[in-house]
There are 2 protein chains.
Amino acid sequence: MGHTNWLNEEEMNAWIAFISAATLVDRELDQQLKEDMGLSHLQYQILMTLNRAEAGAMRMTELAERIINSKSGLTYQIGQMEKAGLVTRRQCEWSKSGVLAEITAEGRATLERAAPGHVEAVREILIDVLTPEERKAVADGLGRVRDRIAERKQGGTCW
Amino acid sequence: MGHTNWLNEEEMNAWIAFISAATLVDRELDQQLKEDMGLSHLQYQILMTLNRAEAGAMRMTELAERIINSKSGLTYQIGQMEKAGLVTRRQCEWSKSGVLAEITAEGRATLERAAPGHVEAVREILIDVLTPEERKAVADGLGRVRDRIAERKQGGTCW
DNA sequence: AACTCCTTGTTCAAATTTGAACTCAACTGT
DNA sequence: ACAGTTGAGTTCAAATTTGAACAAGGAGTT
């Protein structure tokens with residue numbers, strides 16, 4: 001230690017490309033969804049995640065982790081979406097302190113209407129811009145990045 | 001048109017990995033910077049960008065574009081950082097309506113103290129987790145993604 | 001049961017972000 | 001000089017996010 005191992009040009013390029021693409025893509029998708037359907041990207045992800053879950057329902061904490069959001073933030077968003085009729089809250093059967101967020105029929109309908117435009121945007125902005133090799137590198141490399149960060153929050157074992 | 005060209009598994013993997021890594025990395029860095037130095041990632045980026053600019057100063061709008069932020073958001077952040085003594089506002093010489101944000105000596109000092117830890121974190125959570133090939137794919141592919149989005153906002157030529 | 005510790009989800013205030021409206025300055029054409 | 005238009009920054013209210021504090025349940029121990 002002592003001296004910092006600065007990024008060289010090649011590393012810097014990767015870093016800058018990653019961080020700016022991340023910001024821009026997120027912003028772009030948010031706008032597309034908002035214009036087309038009045039949904040935020042976060043809300044879309046919530047609907048998507050619930051829709052895939054069995055019974056279309058999921059515990060708040062698990063949902064928060066899945067979409068990478070704070071618990072209080074999720075409470076807020078589910079509140080909004082409940083007002084909009086996209087989801088409902090229901091008590092968890094086997095635990096009195098648990099709450100299930102469940103997608104409604106209207107939620108599913110909204111998702112179905114939103115999905116085509118969203119997927120098209122994802123292709124146009126990201127997926128179709130990458131070569132198959134780059135896609136693989138992104139899937140593998142960034143997948144590993146994600147897993148490592150997720151593990152480290154979990155394990156807690158900080159050596 | 002008509003039928004949606006859904007993402008296949010390979011594409012889905014790339015998409016999911018990208019979006020979750022993006023969220024997690026940003027979150028992680030924000031936390032590291034905040035704990036170590038009381039800076040948000042955005043503030044770090046502002047200091048960084050100003051520090052590199054000649055004379056350590058830059059027009060508000062250009063700065064906003066560079067760090068990918070709304071103009072009003074930047075006005076707010078520069079306000080905060082001005083209170084904290086990290087930057088100053090100065091009138092643009094050749095344009096009375098222009099404002100220059102300039103990094104102060106204290107700002108530079110803060111940046112210098114923050115940089116080593118930040119770079120280390122960037123390595124640990126992203127750069128060193130990728131193979132050189134993956135880094136190249138990320139730099140090239142996501143660089144292209146970034147450029148395309150940037151162009152399209154610019155050109156405005158929507159056909 | 002009484003006690004302690006951990007987990008769930010919510011609440012609350014403060015910080016931040018967003019987008020539209022607004023103020024001036026700069027540029028155009030007359 | 002004078003409208004008409006555009007560009008730069010700011011302001012403002014509303015929406016969202018954050019993190020700490022909180023109420024209530026579970027689970028384990030004595």
Side-chain angles (χ1 to χ4, degrees), chain A residues 23-24 26-35 38-46 50 57-84 86-102 153-154 156, chain B residues 23-24 26-35 38-46 50 57-84 86-102 153-154 156:
Chain A
T23 312
L24 284 168
D26 204 50
R27 200 173 273 271
E28 204 72 1
L29 288 180
D30 218 64
Q31 223 167 331
Q32 179 265 322
L33 279 168
K34 215 161 280 175
E35 274 175 20
L39 289 175
S40 67
H41 190 198
L42 179 56
Q43 292 177 327
Y44 182 90
Q45 286 178 299
I46 291 175
L50 288 180
M58 200 178 274
R59 295 282 295 264
M60 293 295 278
T61 299
E62 195 191 346
L63 182 52
E65 277 166 13
R66 199 69 70 85
I67 62 180
I68 311 176
N69 216 280
S70 68
K71 286 193 300 178
S72 62
L74 183 61
T75 294
Y76 173 77
Q77 274 303 338
I78 292 292
Q80 295 304 103
M81 295 171 76
E82 205 170 16
K83 278 189 210 163
L86 302 173
V87 302
T88 340
R89 261 183 249 250
R90 181 151 68 73
Q91 207 201 42
C92 179
E93 290 88 354
W94 69 89
S95 161
K96 224 181 284 187
S97 68
V99 173
L100 291 176
E102 180 174 19
K153 317 212 116 173
Q154 257 262 330
Chain B
T23 312
L24 284 169
D26 204 50
R27 202 172 272 274
E28 204 72 2
L29 286 180
D30 218 61
Q31 222 167 333
Q32 179 265 321
L33 278 167
K34 215 162 282 176
E35 273 175 22
L39 289 175
S40 68
H41 189 197
L42 180 56
Q43 293 177 328
Y44 183 90
Q45 286 178 299
I46 292 175
L50 288 181
M58 199 179 275
R59 294 283 293 263
M60 293 295 278
T61 299
E62 195 191 346
L63 182 52
E65 278 166 13
R66 198 70 69 84
I67 62 180
I68 309 175
N69 216 277
S70 67
K71 286 195 299 176
S72 63
L74 182 61
T75 294
Y76 173 77
Q77 275 303 338
I78 292 291
Q80 295 303 105
M81 295 171 75
E82 205 170 15
K83 278 189 211 163
L86 302 173
V87 301
T88 340
R89 260 184 249 249
R90 182 149 68 73
Q91 208 200 41
C92 178
E93 288 88 355
W94 69 89
S95 159
K96 224 182 285 188
S97 69
V99 173
L100 291 176
E102 180 174 19
K153 318 212 117 175
Q154 256 264 329

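Each chain gets a letter, A, B and so on, in the order the sequences are listed, and its residues count up from 1. These numbers come from the heavy atoms of this one structure, side chains and all, not from hydrogens, waters or symmetry mates. All of these numbers come straight from a predicted model, not from anything done at the bench.
Rounded to an integer number of Å, the gap from CD of B:E65 to C1' of D:dA8 is 11 Å. The distance between atom CE of B:M58 and atom C1' of D:dA8, rounded to the nearest whole Å, is 16 Å. One atom, CG of A:L42, and another, C1' of C:dT17, lie 14 Å apart when rounded to the nearest Å. Per the geometry, CG belonging to A:L63 stands 10 Å off P belonging to C:dG9, to the nearest Å. Atom CG of B:L74 is separated from atom C1' of D:dG7 by 16 Å (rounded to the nearest Å). Here the C1' atom of nucleotide C:dA20 and the CD atom of A:Q31 are 14 Å apart, to the nearest Å. D:dT10 atom P lies 11 Å from atom CG of B:L100, rounded to whole Å. Rounded to whole Å, the distance from CH2 on A:W94 to P on C:dT7 is 17 Å.
If A:V99 and A:R27 are placed on DNA chain C by their nearest nucleotide, the residue sitting closer to the 5' end is A:V99. Residue order along DNA chain D, read from the 5' end via each residue's closest nucleotide, puts A:Y76 first among A:Y76 and A:K96.
Nucleic acid contact for A:G98: sugar-phosphate only, since backbone atoms but no base atoms lie under 4.0 Å from a heavy atom of the residue. B:S95 comes within 4.0 angstrom of sugar-phosphate atoms only, judged by non-hydrogen atoms across all strands, and of no base.
Set against D:dT18, C:dT16, C:dG9, the side chain of A:N69 has D:dT18 as its closest nucleotide. Taking every side-chain heavy atom of B:Q80 into account, C:dT16 is the closest of C:dT10, C:dT16, D:dT10. Each of C:dT17, D:dA8, C:dG9 was ranked by its minimum atom distance to the side chain of B:T61; first place goes to D:dA8. Closest to the side chain of B:S97, from the set C:dT16, C:dA25, D:dT16, is C:dA25. When each of D:dG26, C:dT10, D:dA8 is scored by its nearest atom to the side-chain atoms of A:K71, the top-ranked nucleotide is C:dT10.
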Residues B:I67, B:L74; criterion side-chain contact (heavy atoms from CB on, under 4.5 Å); working and verdict: CA-CA 9 Å; B:I67 62 180; B:L74 182 61; 4.0 Å; yes
CA sep, side-chain torsions, deciding dist, call: B:L100, B:E93, side-chain contact (heavy atoms from CB on, under 4.5 Å): CA-CA 9 Å; B:L100 291 176; B:E93 288 88 355; 4.0 Å; yes
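Across A:L50 and A:E102, no two heavy atoms sit closer than the pair CD1-C, 4.2 Å.
At a cut-off of 3.5 angstrom, counting only N and O atoms as typed in the model, there is a donor on one side and an acceptor on the other between the side-chain of B:S72 and the base of C:dG19.
A:Q77 has a side-chain polar atom (N or O) that falls below the 4.0 Å cut-off from OP1 or OP2 of D:dT17. Note on A:R59: a side-chain N or O is less than 4.0 Å away from OP1 or OP2 of C:dG9. A sub-4.0 Å separation between OP1 or OP2 of C:dG9 and a side-chain N or O of A:R89 is absent.
B:E62 places no side-chain N or O within donor-acceptor distance of the main-chain N or O of B:R59, the cut-off being under 3.5 Å. For the pair B:R27 (side chain) and A:I68 (backbone), a donor-acceptor distance under 3.5 Å is present. For A:E82 (side chain) and A:R89 (main-chain N/O), a donor-acceptor pair under 3.5 Å exists by modelled atom type.
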